Chemist: 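Got a structure here, written out as structure tokens. Questions coming.
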Protein chains: 2
Amino acid sequence: MFSLSEENYLKAIFHLQKHSKAGVSTNALAEEMQTKASSVTDMVKKLSDKKLVVYKKYQGVYLSEAGRQTALQIVRKHRLWEVFLVEKLDFSWDEVHEVAEELEHIKSEKLISELDKFLDYPKRDPHGDPIPDAKGNFQAANKTLLSNLSKGEKGTLVGVKDTSSEFLKYLDKNDIALGKTIEVLDKEEFDGSMLIQIGDRSLRVSTMVTVNIYIKI
Amino acid sequence: MFSLSEENYLKAIFHLQKHSKAGVSTNALAEEMQTKASSVTDMVKKLSDKKLVVYKKYQGVYLSEAGRQTALQIVRKHRLWEVFLVEKLDFSWDEVHEVAEELEHIKSEKLISELDKFLDYPKRDPHGDPIPDAKGNFQAANKTLLSNLSKGEKGTLVGVKDTSSEFLKYLDKNDIALGKTIEVLDKEEFDGSMLIQIGDRSLRVSTMVTVNIYIKI
DNA sequence: ATATAATTTTAGACAAAGCTAAAAAATAAA
DNA sequence: TTTATTTTTTAGCTTTGTCTAAAATTATAT
Ligand SMILES: [Mn+2]
Ligand SMILES: [Mn+2]
Ligand SMILES: [Mn+2]
Ligand SMILES: [Mn+2]
């Protein structure tokens, strides 16, 4: 249906447009796609011709409904494959991303519906992100960043914003994992760092950490 | 490492050169790759530059040792994925080929070694073909075509030569499957057709069938 | 309001992989 | 051994997705 490159662009636009209601800028997309702005302009024109995005020169780009549905299916495949890699093949959550980045492009309806069944219809991927169903529906958890909690508040770790291998390994090393309860013992107003209680230990974490962890209260 | 197209060419050359010790001809490769002879010449030159094949103008092409190892790893991946699809995702043996044709190009050492482990190190794919190990070693079964058997001889069905969906569905419909015992009750010299005993039934099959079934005596 | 800076688009090129049509080489037939 | 046929290669073009450099547009700062 669509080329690998088109699919990756659609997914990138999908992720970027969550952060604001304005159109996704050429530069932001170039940054996300690790390419040049001029290449982005070319591709965005092509996607526009195919009615997958709405694009006006210098005004940024938006997904059309068709584009959004396509992006959602790629996200669905990406996250289902991540679950497969972690649950069945003993990958850790910091190792799955680049492989899923390739697997998400395999073209087979049956493959993905059977994989979904095989994994017992998971609702979230290893990073806590929701997995859209075959129709593109998913429930976005009501979650907040750890950085938004005040001293004394607590909640459950339900997701990570930064899914880089470095960050995930840092979390592993400190026994910070999905499902754990975190309580804010103290918050340093100066730099936003926190002393948190997690399991039976307390630990001081920087803002770099607190702005990348999602908590459900 | 190599492009999708390069990998597919290497695999095609690997399969074609099994059938004779002569170099693989441009036309044979074009037929196998569903492309034009001129495109083949271009690609073969590129593979030759990369030392994956040995090529002399008008003389056909051979895999180099590096090319053979690369091809073997692609075959390994293709067949492991086929096993996965049949064993874990309830695909039937006639549905796996085109999906495996895509999956075989996913680039991850860990993915394939973990998949191998997950599948419990299978030795053969759903069509009875051997799965090379990580070093490229595999045991070619000593098998013969059903058409080579004489009246009264019997053996076990260990593989199929034609893996087209049509042929495999024909076999399914007639309850002919890997591992079944087949006995030649009668052979018609005129057209090579056979009356065979399989399980508790006897069945007449044409040459089209007997030359596409491998038997181990 | 004008100048300066940043962003975005266009123009022109390039590499990969394919194609068609024509030329060259190898095979087969007469 | 010429001639005819088949196979293979070359030459030139196309599409996809990328790039650099220059031009156009929008945003920011005096
Ligand atoms: Mn991708
Ligand atoms: Mn994820
Ligand atoms: Mn393939
Ligand atoms: Mn097979």
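A note on names: the letters A, B, ... follow the listed sequences, proteins ahead of strands, and every chain is numbered from 1. From a predicted model like this one, the values you see are computed outputs, not experimental measurements. Below, each value reflects all heavy atoms present in this structure, side chains not excepted, and no hydrogens, waters or symmetry copies.
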Chemist: Is a donor from one side chain sitting under 3.5 angstrom from an acceptor on the other, for H105(A) and N8(A)?
Modeler: yes
Chemist: Starting the side chain at C-beta, find the nucleotide from dT10(D), dC19(D), dC19(C) nearest to S39(B).
Modeler: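 Closest of the options to the side chain of S39(B): dC19(C).
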Chemist: Using 4.0 Å as the upper bound for N to carboxylate O, is an ion pair formed by E101(A) and K11(A)?
Modeler: yes
Chemist: Should N27(B) and S25(B) be marked as a side-chain hydrogen bond (donor to acceptor under 3.5 Å, both in side chains) after you check the CA-CA gap, both sets of side-chain angles, and the distance that decides it?
Modeler: CA-CA 5 Å; N27(B) 263 0; S25(B) 79; over 6 Å; no
Chemist: Would Y62(B) and F14(B) satisfy ring-ring contact (aromatic ring centres under 6.0 Å, His included), going step by step from the backbone distance to the final call?
Modeler: CA-CA 8 Å; Y62(B) 299 80; F14(B) 175 81; over 10 Å; no
Chemist: Taking atom P of dT9(D) as reference, at what distance in whole Å does atom NZ of K56(B) sit?
Modeler: 13 Å
Chemist: For the residue pair K107(A) and F2(A), would you count it as a cation-pi contact if the rule is NZ or CZ under 6.0 angstrom from the ring centre and within 45 degrees of the ring axis?
Modeler: no
Chemist: Can you pull out the residues from residues 15-24 of chain A that lie within a 4.0 Å heavy-atom distance of DNA chain D?
Modeler: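 Nucleic-acid contacts, sorted: none.
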Chemist: OP1 or OP2 of dA16(C) less than 4.0 angstrom from a side-chain nitrogen or oxygen of S3(B), does that happen here?
Modeler: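 Negative; the distance criterion is not met.
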Chemist: If I take atom NZ in residue K50(B) and atom C1' in nucleotide dA15(C), what distance separates them, rounded to the nearest angstrom?
Modeler: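 So the two atoms are 11 Å apart, to the nearest Å.
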Chemist: Roughly, in whole Å, what's the span from CG in D42(B) to C1' in dA16(C)?
Modeler: 10 Å
Chemist: Would you please confirm or rule out a distance under 4.0 Å between OP1 or OP2 of dT20(C) and any side-chain N or O of K36(B)?
Modeler: yes
Chemist: So, E104(A) and R79(A), do they make that salt bridge, N to O below 4.0 Å?
Modeler: no
Chemist: Set out, line by line, the N/O atom pairs under 3.5 Å between protein and nucleotides 2-7 of chain D.
Modeler:
none

Chemist: dA6(C) P sits how many Å from E31(A) CD, rounded?
Modeler: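 The distance from CD of E31(A) to P of dA6(C) comes to 17 Å, rounded to the nearest Å.
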Chemist: Tell me whether the side-chain N/O atoms of K45(B) come closer than 4.0 Å to OP1 or OP2 in dT10(D).
Modeler: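 Yes, because at least one side-chain N or O of K45(B) sits under 4.0 Å from OP1 or OP2 of dT10(D).
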Chemist: Taking the side chain of T35(B) as its heavy atoms from C-beta onward, which of dT10(D), dC19(C), dT9(C) lies nearest to it?
Modeler: dC19(C)
Chemist: Closest to the K57(B) side chain: dT10(C), dT9(D), dT20(C)?
Modeler: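 Within the option list, the nearest is dT9(D).
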Chemist: Contact class for S5(B) (heavy atom, under 4.0 Å): base, sugar-phosphate, or nothing?
Modeler: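 Sugar-phosphate, backbone atoms only, no base.
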Chemist: Where the side chain of K216(A) meets the backbone of T144(A), is there a donor-acceptor pair that is under 3.5 Å apart?
Modeler: no
Chemist: Separation of Q59(A) atom CD from dT9(C) atom C1', in whole Å?
Modeler: 13 Å
Chemist: Rounded to whole Å, how long is the line connecting atom CD of E6(B) with atom C1' of dG18(C)?
Modeler: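 To the nearest whole Å, that distance equals 14 Å.
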Chemist: I'd like to know if K117(A) and E114(A) make a salt bridge, using a cut-off of under 4.0 Å between side-chain N and carboxylate O.
Modeler: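 Salt bridge: yes.
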Chemist: Kindly determine whether H127(B) and H97(B) satisfy ring-ring contact (aromatic ring centres under 6.0 Å, His included), including the steps that lead there.
Modeler: CA-CA 10 Å; H127(B) 311 105; H97(B) 193 77; 7.2 Å; no
Chemist: Here's one to test your reading of the geometry: is the NZ or CZ of K143(A) within 45 degrees of the ring axis of Y214(A) and under 6.0 Å from its centre?
Modeler: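 Yes - K143(A) lies over the ring of Y214(A), closer than 6.0 Å to its centre and within 45° of its axis.
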Chemist: Considering only side-chain heavy atoms of T41(A), which listed nucleotide, dT8(C), dC19(C), dA11(C), is closest?
Modeler: dT8(C)
Chemist: Roughly, in whole Å, what's the span from CG in L29(A) to P in dT18(D)?
Modeler: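 So the CG-P distance, L29(A) to dT18(D), works out to 11 Å.
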Chemist: Out of dA11(D), dT18(D), dT10(C), which nucleotide sits closest to the side chain of S38(B)?
Modeler: dA11(D)
Chemist: Would you mind reading off the distance between Y55(A) atom OH and dT25(D) atom P, rounded to a whole angstrom?
Modeler: 13 Å
